[in-house]
Enquirer: 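The following block contains the structure, expressed as structure tokens.
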2 protein chains.
Amino acid sequence: MKSYKTYPAGTSIVRAGDPLDFVGSVVQGVASLSQTMEDGRRQMVGLLLPSDFVGRPGRAMAKFDVEATSEVILCQFNRAPFERFLHATPHLHERMLEMALDELDAAREWMLLLGRKTAREKIASLLLIVAKRQNAAPVLDGIGMVKFDLNLTREAMADYLGLTLETVSRQINALKKDGIIQLEKKRQICVNNIDQLRAETGTDFEG
Amino acid sequence: MKSYKTYPAGTSIVRAGDPLDFVGSVVQGVASLSQTMEDGRRQMVGLLLPSDFVGRPGRAMAKFDVEATSEVILCQFNRAPFERFLHATPHLHERMLEMALDELDAAREWMLLLGRKTAREKIASLLLIVAKRQNAAPVLDGIGMVKFDLNLTREAMADYLGLTLETVSRQINALKKDGIIQLEKKRQICVNNIDQLRAETGTDFEG
DNA sequence: CGTAGTTTTGAGTGTACTCAAGTCGTGTGG
DNA sequence: CCACACGACTTGAGTACACTCAAAACTACG
């Protein structure tokens with residue numbers, strides 16, 4: 001019933017429309033949930049980090065693509081036995097409801113970003129979110145200096161933010177030129193002052 | 001514990017940040033769930049039609065604005081007794097989980113619209129969604145002629161689609177000039193051929 | 001008939017897109 | 001060890017789609 005599986009970076013975990021015979025959760029790595037239009041336009045609709053749930057109980061068909069952005073370790077459960085267990089454990093529904101509602105809130109905040117924020121605000125918001133999730137404690141310190149890895153290509157960021165990869169590149173370099181961030185190794189971001197970054201997101205909390 | 005309340009069109013039902021002491025569901029009318037930035041930019045993150053749930057069990061503070069777009073009748077439950085009832089009725093969690101997951105899917109499809117669709121595709125998608133929800137059966141008939149009311153101002157549509165009201169107006173009139181739709185009374189839409197409209201959405205299913 | 005709200009239309013602008021070339025970094029094979 | 005190739009990233013020039021600002025037309029209502 002339960003198994004661990006490793007997916008190399010860049011590979012597909014599930015494709016939209018495929019039968020989906022398992023559910024699971026991310027143990028390690030970064031996976032993305034996305035949607036693609038016939039002409040190739042792509043929109044990421046979720047960033048799956050460790051502890052995030054994959055799949056939907058009660059649905060046999062995948063609705064979105066799931067891809068391993070970095071190498072991903074997934075803890076998988078076969079769907080049928082998992083659902084029997086779910087029904088035998090009423091308390092679990094409550095926990096899953098909590099998780100679904102949290103994701104729904106996050107999706108709605110993302111809608112504000114996609115619909116109304118400028119390219120610069122989108123980039124700043126993404127950096128702030130990733131900084132928060134990867135590095136929860138230091139964000140709160142007084143000086144506000146934070147360093148973290150951004151395990152996403154420019155293209156993945158673009159798909160997440162509803163931009164082109166060129167615009168992502170230009171805006172990241174603009175933030176760097178303005179002294180908001182520093183780049184050490186292309187994918188490693190150093191934020192000098194987290195409040196300064198927050199001011200660039202356009203919104204107070206989240207971003 | 002349970003009561004019905006009527007909100008006139010254009011009034012606020014809940015404001016983000018306010019204490020929220022009830023949950024409920026829409027009985028009649030159209031309400032909107034939205035977020036506003038300090039400088040006034042606004043993004044609708046949900047369209048609440050009859051049968052849709054309002055509020056989040058377990059949270060005392062509203063995270064989004066809820067407004068009556070048309071006159072709205074809400075069936076309300078006080079939060080504390082509702083939550084006691086929820087805990088005494090484990091089966092209810094399952095039902096609420098289903099609803100939350102459906103909303104999450106809808107939110108994710110909306111993210112594709114906001115991030116990647118053109119103004120024309122956005123309008124066509126909105127019209128198709130409202131047509132489906134208000135008028136489920138006729139959408140499926142052979143000829144594909146559908147008539148329905150669009151109880152939204154141009155501004156509300158703009159906030160939902162991440163556009164300006166001027167762009168909404170221009171695109172609606174463009175669809176009319178191209179013979180995809182007809183306008184009877186500004187807010188009443190007549191779709192000649194639903195498949196033609198679907199072709200304008202950029203995606204297969206939903207829109 | 002006048003006023004306020006909504007919608008349409010016009011003209012000009014700007015942000016992000018497209019297309020294209022060039023640079024950097026890393027891994028491979030001669 | 002260097003040459004090369006490949007992918008990721010950067011940078012530039014030109015364009016287009018949607019935005020902004022402004023005015024006019026339509027609607028509803030007192």
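By convention in this document, chain letters (A, B, ...) are assigned in the order of the sequence lines, proteins followed by strands, and residues within each chain are numbered from 1. FYI, side chains are in, hydrogens and waters are out, and symmetry mates aren't considered; it's all heavy atoms of this structure.
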Enquirer: Of the nucleotides D:dC9, C:dT8, D:dT11, which has the atom closest to the B:Leu165 side chain?
Expert: C:dT8
Enquirer: Which residue is it: B:Phe22, B:Phe53, B:Phe82, B:Tyr4? I am looking for the one with a ring-ring contact (aromatic ring centres under 6.0 Å, His included) to B:Phe77.
Expert: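 That would be B:Phe82.
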Enquirer: Could you list, one pair per line, each protein nitrogen or oxygen that sits under 3.5 Å from a nitrogen or oxygen of nucleotides 17-19 of chain D, together with the distance?
Expert:
from, atom 1, to, atom 2, distance (Å)
D:dA18, OP1, B:Ala119, N, 2.7
D:dC19, OP2, B:Thr164, N, 3.3
D:dC19, OP2, B:Thr164, OG1, 3.1
D:dC19, OP2, B:Thr167, OG1, 2.5

Enquirer: For B:Glu184 and D:dC26, give me the distance from atom CD to atom P, rounded to whole Å.
Expert: 18 Å
Enquirer: Would you kindly give the CG-to-C1' distance between A:Leu114 and C:dA16, to the nearest whole Å?
Expert: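 So the two atoms are 15 Å apart, to the nearest Å.
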Enquirer: With sequence neighbours left out, what residues match B:Asp102 under salt bridge (Lys or Arg N to Asp or Glu O under 4.0 Å)?
Expert: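 Only A:Arg56 meet the salt bridge (Lys or Arg N to Asp or Glu O under 4.0 Å) criterion with B:Asp102.
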Enquirer: Output yes when at least one side-chain N/O atom of A:Arg187 is less than 4.0 Å from OP1 or OP2 of D:dC9, else no.
Expert: yes
Enquirer: Could you tell me how far apart A:Lys186 (NZ) and D:dT11 (C1') are, to the nearest whole angstrom?
Expert: 11 Å
Enquirer: Hey, does the side chain of B:Lys185 come within less than 4.0 Å of D:dT27's phosphate (OP1/OP2), counting only N and O?
Expert: no
Enquirer: To the nearest Å, how far apart are B:Ile123 CD1 and C:dT8 P?
Expert: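 Going from CD1 in B:Ile123 over to P in C:dT8 covers 10 Å.
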Enquirer: Looking at every non-hydrogen atom in both residues, tell me the closest pair between B:Tyr7 and B:Ser12 and how far apart they are.
Expert: CD2-O, 4.3 Å
Enquirer: Which residues within residues 37-48 of chain B lie with some heavy atom under 4.0 Å of an atom in DNA chain C?
Expert: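 Nothing qualifies; none.
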Enquirer: Kindly indicate whether the side chain of B:Glu166 and the base of D:dC21 share any N or O donor-acceptor pair separated by less than 3.5 Å?
Expert: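 Result: at least one qualifying N/O pair found.
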Enquirer: Which atom names give the shortest non-hydrogen contact between A:Thr69 and A:Ala9, and what distance separates them?
Expert: O-CB, 3.8 Å
Enquirer: Distance check needed: C:dT6 P versus B:Leu152 CG, whole Å only.
Expert: 13 Å
Enquirer: Taking CG from B:Asn173 and C1' from C:dT9, how many angstroms apart are they, rounded to a whole number?
Expert: 9 Å
Enquirer: Using atom types as modelled, flag every donor-acceptor pair under 3.5 Å from a side chain in residues 39-46 of chain B to any protein atom, sequence neighbours excluded.
Expert:
from, atom 1, to, atom 2, distance (Å)
B:Asp39, OD1, B:Arg41, N, 3.2
B:Asp39, OD1, B:Arg41, NE, 3.3
B:Asp39, OD2, B:Arg41, NE, 3.0
B:Asp39, OD2, B:Arg41, NH2, 2.9
B:Arg41, NH1, A:Arg116, O, 3.0
B:Arg41, NH1, A:Glu121, OE1, 2.8
B:Arg41, NH2, A:Glu121, OE2, 2.9
B:Arg42, NE, B:Asp159, OD2, 3.0
B:Arg42, NH1, B:Glu67, OE1, 3.4
B:Arg42, NH1, B:Glu67, OE2, 3.2
B:Arg42, NH2, B:Asp159, OD2, 3.1
B:Gln43, NE2, B:Asp159, O, 3.0
B:Gln43, NE2, B:Tyr160, O, 3.1

Enquirer: Let me know the distance between CD1 of B:Ile172 and P of C:dT6, rounded to the nearest Å.
Expert: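 Roughly 15 Å, once rounded to whole Å.
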Enquirer: Counting heavy atoms not belonging to B:Glu83, are there more than 12 under 6.0 Å from its CD?
Expert: yes
Enquirer: Do any side-chain atoms of residues 169-180 of chain A form donor-acceptor pairs under 3.5 angstrom with protein atoms, and if so which ones, sequence neighbours left out?
Expert:
from, atom 1, to, atom 2, distance (Å)
A:Asn173, ND2, A:Ser169, O, 3.0
A:Asp178, OD2, A:Arg120, NH2, 2.2

Enquirer: Of all residues at least two apart in sequence or in a different chain, which pass the side chain to side chain donor-acceptor pair (under 3.5 Å) check with A:Gln188?
Expert: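 Listed in chain order: A:Asp149.
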Enquirer: Report the distance from atom CZ of B:Arg154 to atom P of D:dA25, rounded to the nearest whole Å.
Expert: 18 Å
Enquirer: Between A:Lys122 and C:dA16, is there a contact of a side-chain N or O with OP1 or OP2 at under 4.0 Å?
Expert: no
Enquirer: Side-chain contact, heavy-atom cut-off 4.5 Å: B:Val30 with B:Leu49?
Expert: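 Yes, side chains in contact.
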